**Student:** 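Got a structure for you, questions after.
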Amino acid sequence: MNSQKQFKRRFSFEFFPPKTPAGMEKLQTVRDTLATHQPDFFSVTYGAGGSTQERTIDTVLTLHKQGISTAPHLSCIGATRKTLGDLLDLYKSNGVNRIVALRGDLPSGMGAHGELRYANDLVAFIREHSGEHFNIEVAAYPEFHPQAPSAEADLINFKRKVDAGANSAITQYFFNADSYFYFVDRAEKMGVNIPLVPGIMPITNYSNLVRFSDMCGAEIPRWIRKQLEAYGDDSNSIQQFGTEVVSKMCETLLNQGAPGLHFYTLNQAEASLSIWNNLGLDDREKIAF
Ligand code: FAD
């Protein structure tokens, strides 16, 4: 390991767009708390179809004005070139210069694929439409995307996004550092030379974690699953154990060259910050990982 060490480390927090004014008020508090730790950027997820898209736009524009760069996620599934182009123009005119470019998933029973089929098509479209204005992040899957026909095909498809112009990647979350290192190794052997930043999911709730991990193809190792199961409804113990396990994994990742971390906050500050503080990331310039 690895040429990832050549990249400057960056640290970021991901939010989802709140559904209600009360949710937005809460997110504002979470954002203010996290902002005091000076992350490199925030990002806001985007749903395929429907009103959640408006909420992403509003949330991004509100947060971006407050001083820390905020990156919208943008998915192409179900979208037209025209709507995507208009949205890119809107973000650009508001000073947004980073985008997380995704294919996305259609809610079941909903419509057609749209004009761009895969994330590599979206990356190429962003470059065609907006030139080099945006720093483009794409998704990477150390444990492979659930729909990929094979591990090899998934890597080739990942590289298509890099070749189309992605500047860096954020991974799906994982609880096994080796899967990340193996992915980095394989990607680098294929000629990928961009930062591959681990996405980090703090553990706060067992049943939600299991449900979500089954959906997105992230594996919860048996020893973690069994321990979490044993805690039952004892959420303090779940969080304490989860923070310890995830902090140790992050330490390993950074020690062995990962170029930063991206936290899936689920709009909560505490769990991500416990890991952040365990790693001493407020003094990150001084830490020789
Ligand atoms: P792609 O890279 O297009 O890959 C999708 C599948 O198609 C893979 O199996 C791949 O192997 C295959 N494939 C890719 N390109 C080709 C090709 N050219 N030919 C044939 N096969 C191909 N979802 C949301 O809805 N909103 C979000 O905000 C969101 N944020 C995310 C953030 C991160 C960091 C991550 C890791 C995921 C996020 N997701 C989000 C989930 C993501 O949208 C889903 O995992 C989706 O199923 C795939 O998106 P992708 O951009 O990885 O797709």
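All values derive from a computational prediction rather than experimental measurement. Numbers here are sequence positions counted from 1. Counting starts at 1 for both ligands and their atoms, in listed order.
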**Student:** Going by distance only, is there an N or O of G104 that falls short of 3.5 Å from an N or O of ligand 1?
**Tutor:**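 Yes: some nitrogen or oxygen of G104 is under 3.5 Å from one in ligand 1.
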**Student:** So, for F183 and F158, is the gap between ring centers shorter than 6.0 Å?
**Tutor:**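 Distance test on ring centres: under 6.0 Å, yes.
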**Student:** Regarding Q66 and Q28, is there a side-chain donor-to-acceptor distance under 3.5 Å anywhere?
**Tutor:** yes
**Student:** Do Q147 and D105 have side chains that get closer than 4.5 Å, going by heavy atoms?
**Tutor:** yes
**Student:** Examine D105 against ligand 1 and note whether any of their N/O atoms are separated by less than 3.5 Å.
**Tutor:**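 Checking ligand 1 against D105, an N or O pair does fall under 3.5 Å apart.
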**Student:** Examine the proximity of ligand 1 to R103 and report which part, side chain or backbone, both or neither, has a heavy atom under 4.0 Å away.
**Tutor:** both
**Student:** Return the option from E152, K159, K161 holding the heavy atom at the smallest distance from atom 2 (O) of ligand 1.
**Tutor:** K161
**Student:** Which atoms of ligand 1 are found less than 4.0 Å from any heavy atom of I170?
**Tutor:** 34 (C)
**Student:** Would you mind listing which atoms of ligand 1 come within a distance below 4.0 Å of any non-hydrogen atom of D154?
**Tutor:** 8 (C), 9 (O), 10 (C), 11 (O)
**Student:** Quick one: does ligand 1 sit under 4.0 Å from the side chain of R160, the backbone, both or neither, non-hydrogen atoms only?
**Tutor:** side chain
**Student:** Which of the atoms of ligand 1 are close to H73, meaning less than 4.0 Å from one of its heavy atoms?
**Tutor:** 27 (C), 28 (O), 29 (C), 30 (N), 31 (C), 32 (C)
**Student:** May I ask you to decide whether E137 forms a salt bridge with R10, counting only side-chain N to carboxylate O separations under 4.0 Å?
**Tutor:**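 Yes, E137 and R10 are salt-bridged.
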**Student:** Out of F144, F158, Y264, Y173, who gets a non-hydrogen atom closest to atom 34 (C) of ligand 1?
**Tutor:**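 Minimum heavy-atom distance to atom 34 (C) of ligand 1 goes to Y264.
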**Student:** Number the atoms of ligand 1 from 1 as they appear, then name those within less than 4.0 Å of a heavy atom of Y46, with their elements.
**Tutor:** 24 (C), 25 (O), 26 (N), 27 (C), 28 (O)
**Student:** When you compare the side chains of T204 and Q239, does any donor N or O come within less than 3.5 Å of an acceptor on the partner?
**Tutor:** no
**Student:** Between E251 and K248 (salt bridge meaning N to carboxylate O under 4.0 Å), is one present in this structure?
**Tutor:** no
**Student:** For S69 and H64, does a side-chain donor sit closer than 3.5 Å to a side-chain acceptor?
**Tutor:** no
**Student:** Ignoring hydrogens and geometry beyond distance, is a side-chain donor-acceptor pair present between H37 and D282 at under 3.5 Å?
**Tutor:** yes
**Student:** Just to check, does Y141 reach to within less than 4.0 Å of ligand 1 when the distance is taken from its heavy atoms?
**Tutor:** yes
**Student:** Relative to the heavy atoms of A139, which atoms of ligand 1 are at a distance of less than 4.0 Å?
**Tutor:**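 With A139 as reference, the close atoms of ligand 1 come out as 35 (C), 36 (C), 52 (O).
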**Student:** Which bit of N120 is near ligand 1, meaning a heavy atom under 4.0 Å away: side chain, backbone, both or neither?
**Tutor:**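 Near ligand 1, N120 shows its side chain, while the N, CA, C and O stay back.
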**Student:** Polar contacts were defined as any N/O atom of the residue lying under 3.5 Å from an N/O atom of the ligand; does this apply to E14 and ligand 1?
**Tutor:**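 Between E14 and ligand 1, no N or O pair is found under 3.5 Å apart.
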**Student:** Please determine whether a side-chain nitrogen of the Lys or Arg among E115 and K82 lies less than 4.0 Å from a carboxylate oxygen of the Asp or Glu.
**Tutor:**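 Here E115 does not pair with K82 in a salt bridge, since their nearest N and O are not under 4.0 Å apart.
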**Student:** Using a strict cut-off of 4.0 Å, indicate which atoms of ligand 1 neighbour a heavy atom of Q172.
**Tutor:** 36 (C)
**Student:** Would you call V44 and P72 a side-chain contact if the rule is heavy atoms closer than 4.5 Å?
**Tutor:** no
